[in-house]
Amino acid sequence: QVQLVESGGGLVQAGGSLRLSCAASGRTFSTYAMGWFRQGPGKEREFVAAISWSGGDTYYADSVKGRFTISRDNAKNTVYLQMNSLKPEDTAVYYCTAAQSTRELRYPPPKSDYWGQGTQVTVSS
């Protein structure tokens, strides 16, 4: 069993930065691929980024490529999402998720084993 708790969301002006964290409980964290999804107001949940269990492979949605960076620290059981050059359209609830592979996160619907409760990110114009 893995529990995921996101933090780091908040209100930021357009062009600003935020770093989201997702702390995982359980000894098997390092065996999971991890990802971030988001759901904006009136929108469906969408893939943002994914990282392999080793951290060696990362994937991004086209809408965030070059602005967001996903990383993980297996010693700390934590995955991060560094978000730079934020835009109002990045406003959403951001969710952390764990899956058996990045492939299960990259292609809808996501086949995740665990989800966090989400953290709100609001970007003002």
Novice: Does a sphere of radius 6.0 Å around NZ in Lys43 hold more than 12 heavy atoms from other residues, nucleotides or ligands, not counting ones at 6.0 Å or beyond?
Specialist: no

Novice: Using every non-hydrogen atom in the two residues, find where Ala49 and Tyr60 come nearest and quote the distance to one decimal.
Specialist: CB-CD2, 3.7 Å

Novice: Assigning hydrophobic clusters by single linkage (Ile, Leu, Val, Met, Phe, Trp, Tyr; side-chain heavy-atom cutoff under 4.5 Å), is Leu4 placed with Tyr32?
Specialist: yes

Novice: Can a donor-acceptor pair be found, under 3.5 Å and without considering hydrogens, that links the side chain of Asn77 to the backbone of Gly26?
Specialist: yes

Novice: What residues form a side-chain contact (heavy atoms from CB on, under 4.5 Å) with Val123, not counting sequence neighbours?
Specialist: Val12, Ala14, Leu86, Pro88, Asp90, Thr91, Val121

Novice: For the atom pair CG (Asp57) and OG (Ser52), what is the distance rounded to the nearest 0.5 Å?
Specialist: 4.5 Å

Novice: How long is the span from the CZ atom in Arg106 to the NZ atom in Lys111, to the nearest 0.5 Å?
Specialist: 12.0 Å

Novice: Test of understanding: clusters of I, L, V, M, F, W, Y form through side-chain heavy atoms closer than 4.5 Å, transitively. Do Ile70 and Val93 belong to the same one?
Specialist: no

Novice: Let me check something: do Met34 and Trp115 share a hydrophobic cluster, defined by ILVMFWY side-chain heavy atoms less than 4.5 Å apart, either directly or through other members?
Specialist: no

Novice: Could you give the distance from CD (Glu104) to OG1 (Thr97), rounded to the nearest 0.5 Å?
Specialist: 10.0 Å

Novice: Taking all non-hydrogen atoms of both residues into account, name the closest pair between Ala23 and Thr78 and its distance.
Specialist: CA-OG1, 4.2 Å

Novice: Hydrophobic clusters here meaning ILVMFWY residues chained together by side-chain heavy-atom distances under 4.5 Å, can you tell me if Leu18 and Val79 are in one?
Specialist: yes

Novice: Which residues, ordered by chain and number, are linked to Tyr80 in its hydrophobic cluster, where ILVMFWY side chains connect at heavy-atom gaps below 4.5 Å, directly or through other members?
Specialist: none

Novice: Establish, for the pair Arg72 and Phe29, whether the NZ or CZ atom is under 6.0 angstrom from the six-membered ring centre and no further than 45 degrees off its axis.
Specialist: yes

Novice: Can you name the closest pair of heavy atoms from Ala50 and Leu105 and give their distance?
Specialist: CB-CD1, 4.1 Å

Novice: Calculate, to the nearest 0.5 Å, the distance between atoms OH and CZ belonging to Tyr59 and Arg103 respectively.
Specialist: 10.0 Å

Novice: Residues two or more places apart in sequence or in another chain: which of them pass side chain to side chain donor-acceptor pair (under 3.5 Å) with Asp73?
Specialist: none

Novice: Would you say Glu46's side chain and Arg38's backbone share a donor-acceptor pair under 3.5 angstrom?
Specialist: no

Novice: Between Ser25 and Gln3 (side chain of the first, backbone of the second, donor and acceptor by atom type, cut-off under 3.5 Å), is there such a pair?
Specialist: yes

Novice: Determine, using the 4.5 Å side-chain heavy-atom cutoff (strictly less than), whether Ile51 and Trp53 are members of one ILVMFWY cluster.
Specialist: no

Novice: If I take atom CD from residue Gln117 and atom CD from residue Glu6, how far apart are they, to the nearest 0.5 angstrom?
Specialist: 4.5 Å

Novice: Any chance you could measure Asp113, atom CG, to Gln1, atom CD, to the nearest 0.5 Å?
Specialist: 10.0 Å

Novice: Can you label the angle between the Phe68 ring and the Tyr94 ring as parallel, tilted or perpendicular, going by 30° and 60°?
Specialist: tilted

Novice: Please answer whether the main-chain N or O of Pro110 pairs with a side-chain N or O of Ser112 as donor and acceptor at a distance below 3.5 Å.
Specialist: no

